Engineer: 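My questions all concern the structure below.
What you see below is based on every heavy atom in this structure, not just the backbone, and it leaves out hydrogens, waters and symmetry mates. Just so it is clear, the model here is predicted, and its values are computed rather than measured.
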Amino acid sequence: MRMPARALAGAAAALLFAAPALAQDGPKIDTGDTAWMLTSTALVLMMTIPGLALFYAGMVRKKNVLATMMQSFAITAIVTVCWMVVGYSLAFGEGNAYVGDLSKLFLSSLAEGWDKPFTLGSGDAAVATTVPETVFCMFQMTFAIITPALITGAFADRMKFSALVLFNILWTLLIYSPIAHWVWHPNGWIFALGALDFAGGTVVHINAGVAGLVAAIVLGKRVGYGTDNMSPYNLALAVIGASLLWVGWFGFNAGSAVGASARAGMAMLVTQVATGGAALAWLFAEWATKGKPSVLGAISGAVAGLVAITPASGFVLPVPALIIGVVAGLAGFWGATALKHLCGYDDSLDAFGVHGVCGIVGSLLTGVFAYGALSATPATPDGYSGSMDQFIIQAEAVGAVFLYTAVVTFILLKVVDVIVGLRVAEEEEREGLDVTQHGERLA
């Protein structure tokens with residue numbers, strides 16, 4: 001149907017008069033993308049409080065339940081302030097290839113452009129978004145919160161609370177923020193290398209897992225490890241926590257698309273598929289080797305799958321996701337049982353056995369199974385596809401993060417030990433951290 005000439009002239013006039021206003025307003029925030037990112041941010045925060053707090057608390061002994069929950073809750077507050085003051089600037093300021101600058105100190109830069117779409121970086125490598133920087137900053141803050149909270153599982157039952165506070169401030173600023181800059185900022189050297197990490201395989205899971213391994217070794221084994229009964233106090237709490245992690249992980253992975261897009265939909269789907277495959281793989285491996293499938297094994301397997309699919313979630317299709325999940329379930333079972341016993345360290349709640357091992361598995365397999373069309377852009381129309389070259393790049397990124405985190409975590413633990421001491425006294429550990437560190441106990 002042809003438009004009448006008068007109507008056509010009117011429409012043209014309306015566009016003509018509207019043009020200056022449109023030019024003046026500039027680019028617009030996409031409200032749908034922003035709504036999804038606000039939702040994702042809340043989901044990721046839920047992963048730490050109450051998700052991880054309940055998951056870890058359910059697996060320790062009764063005398064340490066409150067102290068374990070307190071660790072996740074306190075870290076949420078500590079990292080929030082650190083991120084606002086300088087952490088976000090070190091991670092996402094322009095800076096150089098290794099660390100951001102101080103241009104976003106105290107988030108002062110948000111006073112300008114707070115109501116405009118945010119662009120990360122500058123020049124040809126800049127990454128444009130359709131959400132305001134306030135939302136991007138808050139979303140990334142929730143990642144910065146959960147990462148050090150994951151580490152606490154490795155040294156559960158034995159670190160001083162004062163040491164926890166000081167260690168987490170230093171670790172967030174000197175390890176997490178620089179690695180986030182390496183991997184996710186366009187100026188970062190791992191970003192430039194071409195390594196793929198959609199939602200935190202290196203930045204979150206390998207980083208936290210390796211730090212947990214080092215902490216477990218430096219602090220030493222729990223009093224009574226190998227002789228005393230260290231059965232979980234309440235696995236029901238752990239199941240609730242794991243369930244909250246599973247649901248919250250959709251914000252973690254699908255939210256990393258930074259928009260309500262088809263790629264976010266695929267990331268959500270493959271997260272579910274991989275998690276189911278990993279839970280079953282761990283469950284059946286335990287059933288075959290120990291005679292019974294345990295509740296603890298099922299929830300641990302689910303977390304293993306969530307960890308492994310994290311770096312791959314925006315790059316792979318469902319069948320590869322299922323393969324990644326099954327491999328992660330078996331690898332996590334091995335990491336939490338055979339590897340730990342072989343090496344002789346006391347990783348209390350298997351932070352390295354699950355997050356470290358499965359983070360490595362997921363990061364490497366991303367380089368094998370990446371499907372180019374999912375990451376295609378006008379600048380890279382073919383996207384990133386799995387290949388031997390990509391696998392090698394993934395391995396380089398894994399190795400760099402592993403080495404940096406291990407060395408600097410060791411140094412920070414030694415510094416904290418000199419300043420406040422790392423570990424509670426033996427009699428305090430036997431009595432439990434709830435009473436000795438916080439003056440409280442469960443009824």
Engineer: My understanding is that only one of W184, F315, F252 makes a ring-ring contact (aromatic ring centres under 6.0 Å, His included) with F198; could you say which?
Structural biologist: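 Result for ring-ring contact (aromatic ring centres under 6.0 Å, His included) with F198: F315.
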
Engineer: Assess the residue pair T380 and T377 against the criterion (side-chain hydrogen bond (donor to acceptor under 3.5 Å, both in side chains)); give the C-alpha distance rounded to whole Å, side-chain angles, the decisive distance to 0.1 Å, and a yes or no.
Structural biologist: CA-CA 5 Å; T380 56; T377 65; 2.8 Å; yes

Engineer: Atom CG of L442 and atom CE of M69: how far apart are they, to the nearest 0.5 Å?
Structural biologist: 9.0 Å

Engineer: In terms of relative ring orientation, are F352 and F402 parallel, tilted or perpendicular, with 30° and 60° separating the classes?
Structural biologist: perpendicular

Engineer: Please tell me if the side chains of D346 and I217 come closer than 4.5 Å, counting only heavy atoms from C-beta onward.
Structural biologist: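 With C-beta onward as the side chain, the pair stays apart.
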
Engineer: Using side-chain contact (heavy atoms from CB on, under 4.5 Å) as the criterion, point out the one residue from I151, T152, L219 that pairs with M159.
Structural biologist: L219

Engineer: What's the separation between atom OG1 in T275 and atom CD1 in I324, rounded to the nearest 0.5 Å?
Structural biologist: 11.0 Å

Engineer: Between W171 and F167, what is the ring plane arrangement, given parallel below 30°, perpendicular above 60°, and tilted in between?
Structural biologist: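 W171 and F167: tilted rings.
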
Engineer: Within this structure, what is the CH2-OG1 distance for the pair W249 and T271, rounded to the nearest 0.5 Å?
Structural biologist: 9.5 Å

Engineer: Taking the six-membered ring for Trp, are F136 and F92 parallel (under 30°), tilted (30 to 60°) or perpendicular (over 60°)?
Structural biologist: perpendicular

Engineer: Less than 4.5 Å apart, any side-chain heavy atom of T409 and any of L213?
Structural biologist: no

Engineer: Is V239 close to V295 at the side-chain level, that is, under 4.5 Å between some pair of heavy atoms?
Structural biologist: yes

Engineer: Between Q272 (side chain only) and F250 (backbone N and O only), is there a donor and an acceptor less than 3.5 Å apart?
Structural biologist: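 Such a contact is absent between Q272 side chain and F250 backbone.
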
Engineer: Quick one: OG1 on T142 to CH2 on W83, what's the gap to the nearest 0.5 Å?
Structural biologist: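 So the gap between those two atoms works out to 9.5 Å.
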
Engineer: So R263 and S375, do their side chains get closer than 4.5 Å, heavy atoms only?
Structural biologist: yes

Engineer: Between T147 (side chain) and V204 (backbone), is there a donor-acceptor pair under 3.5 Å?
Structural biologist: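 Not a single qualifying donor-acceptor pair exists.
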
Engineer: Would a distance-only check, ignoring hydrogens and angles, find a side-chain to backbone donor-acceptor pair under 3.5 Å from D434 to A67?
Structural biologist: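 Judged by distance alone, yes, a pair lies under 3.5 Å.
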
Engineer: With rounding to the nearest 0.5 angstrom, report the CD to NZ distance, E94 to K104.
Structural biologist: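 Answer for the CD-NZ pair, E94 versus K104, is 7.5 Å.
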
Engineer: Below 30° counts as parallel, above 60° as perpendicular, anything between as tilted: where do the rings of W287 and F284 land?
Structural biologist: parallel

Engineer: Would you indicate whether the side-chain heavy atoms of H355 and V303 approach each other to under 4.5 Å?
Structural biologist: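 Touching, per the 4.5 Å side-chain cut-off.
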
Engineer: Can you tell me how far apart CD1 (I145) and CD1 (I49) are? Round to the nearest 0.5 Å.
Structural biologist: 7.0 Å

Engineer: Could you go through S387 and D389, starting from their C-alpha distance and side-chain angles, then the distance that decides it, and tell me whether this counts as side-chain hydrogen bond (donor to acceptor under 3.5 Å, both in side chains)?
Structural biologist: CA-CA 5 Å; S387 66; D389 288 343; 5.1 Å; no

